[in-house]
Amino acid sequence: MALLVAENIYRSFQGFMALAGVSLRVEEGSFHALVGPNGAGKTTLFNVITGRLAPDRGRVFFQGREITGWPTPRVARLGLAVSFQRAQPFVSMTLLEAVALARVGYQGKTFQLFTPLRHLAEVLEEARWALSKVGLDGAAQRRVSELPLGDLKRLDVAMALVARPKLLLLDEPLAGLSRAERRQMVEFIRGLLRQEGVTLLFTEHDTEAVLALADRITVLHQGQVLAEGIPEEIRQNAEVRKAFLGGAA
Ligand code: ADP
Ligand code: MG
């Protein structure tokens with residue numbers, strides 16, 4: 001079953017067409033990579049899927065239900081979460097506070113003076129659960145600003161996981177990591193999501209990591225789908241080689 005379907009998505013910025021008729025199907029249980037050179041439209045497509053951006057044309061379905069134009073927290077409540085990518089607004093918080101706040105955000109609530117304690121307790125419990133899932137429970141009281149980049153990436157995953165998603169979107173989860181750290185992160189993501197039964201749609205530049213993690217790949221190029229298939233098909237695809245290697249292959 002397709003968990004996510006994007007149908008013929010168009011989106012332009014001041015006349016520049018970032019997405020020009022992109023369609024995508026993500027099957028339940030799959031790890032699906034969206035690859036393509038810088039500026040191909042990957043992040044824009046993620047933003048359209050999660051409701052951060054409205055498409056000019058096209059529709060998005062999650063579990064068969066149309067969600068085009070829904071606000072992000074409402075999409076998240078259905079089970080589609082996206083990583084924050086930058087923990088920037090959270091740097092002065094503790095890890096527990098940052099994950100708890102993410103949870104509250106997904107619930108579409110804000111903390112107020114008279115927020116029932118029962119609700120606060122539930123939020124903190126979920127936040128602790130998410131931190132333990134990414135192996136950061138021991139660091140719950142540390143400040144986000146103190147974390148090395150590898151741990152920040154894990155925090156990022158925890159902040160998405162706390163939405164209890166069926167589908168997780170990760171935009172360049174390995175960016176900035178060393179080769180050894182990337183390998184570790186690939187193993188970590190695979191293990192965690194298999195265990196939790198979470199479907200993954202991710203973007204990544206590191207070909208080795210993509211081939212290690214993905215069981216399906218969609219190639220975007222200049223706002224259009226250039227190819228789609230299992231990793232072996234994509235590796236053999238002449239058009240993909242040409243687009244990526246400038247005809248050198
Ligand atoms: P990718 O994630 O594949 O690198 P993006 O989706 O970020 O690509 O960008 C696709 C194209 O759309 C780029 O040319 C980028 O400059 C442009 N773009 C993306 N977001 C905006 C925006 N908010 N305003 C103007 N142009 C944008
Ligand atoms: Mg991007």
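Start at 1 and go down the list; that is how both ligands and their atoms are numbered. Quick note: residue numbers are just sequence positions, from 1. As a basis for the values below, the full set of heavy atoms in this structure was taken, side chains included, without hydrogen atoms, waters or symmetry mates.
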Are the side chain of Arg182 and the backbone N or O of Leu177 linked by a donor-acceptor pair below 3.5 Å?
yes

Does this structure show an ion pair linking Glu125 with Arg128, if we count only N-O contacts that are shorter than 4.0 Å?
no

Take every heavy atom of Phe16, measure it against each atom of ligand 1, and state whether any distance is under 4.0 Å.
yes

Minimum-distance protein heavy atom relative to atom 27 (C) of ligand 1
Phe13 CD1, 3.2 Å

Salt-bridge criterion met for Glu28 and Lys166 (N-O under 4.0 Å):
no

Starting from atom 7 (O) of ligand 1, find the nearest protein heavy-atom neighbour and note its residue, name and distance.
Thr43 CB, 3.7 Å

Between ligand 1 and Gly36, can you find any atom pair, the residue atom being a heavy atom, that is separated by under 4.0 Å?
no

Short question: side chain of Arg143, backbone of Val91 - any donor-acceptor pair under 3.5 Å?
no

Does the N or O separation between Leu45 and ligand 1 drop below 3.5 Å for any pair?
no

Just to confirm, does any protein heavy atom lie below 4.0 Å from atom 19 (C) of ligand 1?
yes

Under 3.5 Å between any N/O of Gln14 and any N/O of ligand 1: does that happen in this structure?
no

Salt bridge Glu196-Lys133, side-chain N to carboxylate O under 4.0 Å:
yes

Any cation-pi pair here, Arg194 with Phe31, using under 6.0 Å and within 45°?
yes

Nearest heavy-atom contact between Leu149 and Ala175 is CD2-O, 4.1 Å

For atom 4 (O) of ligand 1, which protein heavy atom lies nearest, and how many Å away is it?
Gly39 N, 2.8 Å

Would you call Arg179-Glu208 a salt bridge at under 4.0 Å N-O?
yes

Taking only heavy atoms of Thr44 into account, list the atoms of ligand 1 that are under 4.0 Å away from them.
5 (P), 6 (O), 9 (O), 10 (C), 19 (C)

Salt-bridge criterion met for Lys42 and Glu172 (N-O under 4.0 Å)
no

Which atoms of ligand 1 sit under 4.0 Å from any heavy atom of Asn38?
4 (O)

Looking at the Mg ion (ligand 2), is one of the N, O or S atoms of Thr43 less than 2.8 Å from it?
yes

Would you say atom 9 (O) of ligand 1 makes contact with the protein, given that contact here means a non-hydrogen protein atom less than 4.0 Å away?
yes

Considering non-hydrogen atoms of the protein only, which is the closest contact for atom 12 (O) of ligand 1, and what is the distance?
Ala18 CB, 3.4 Å

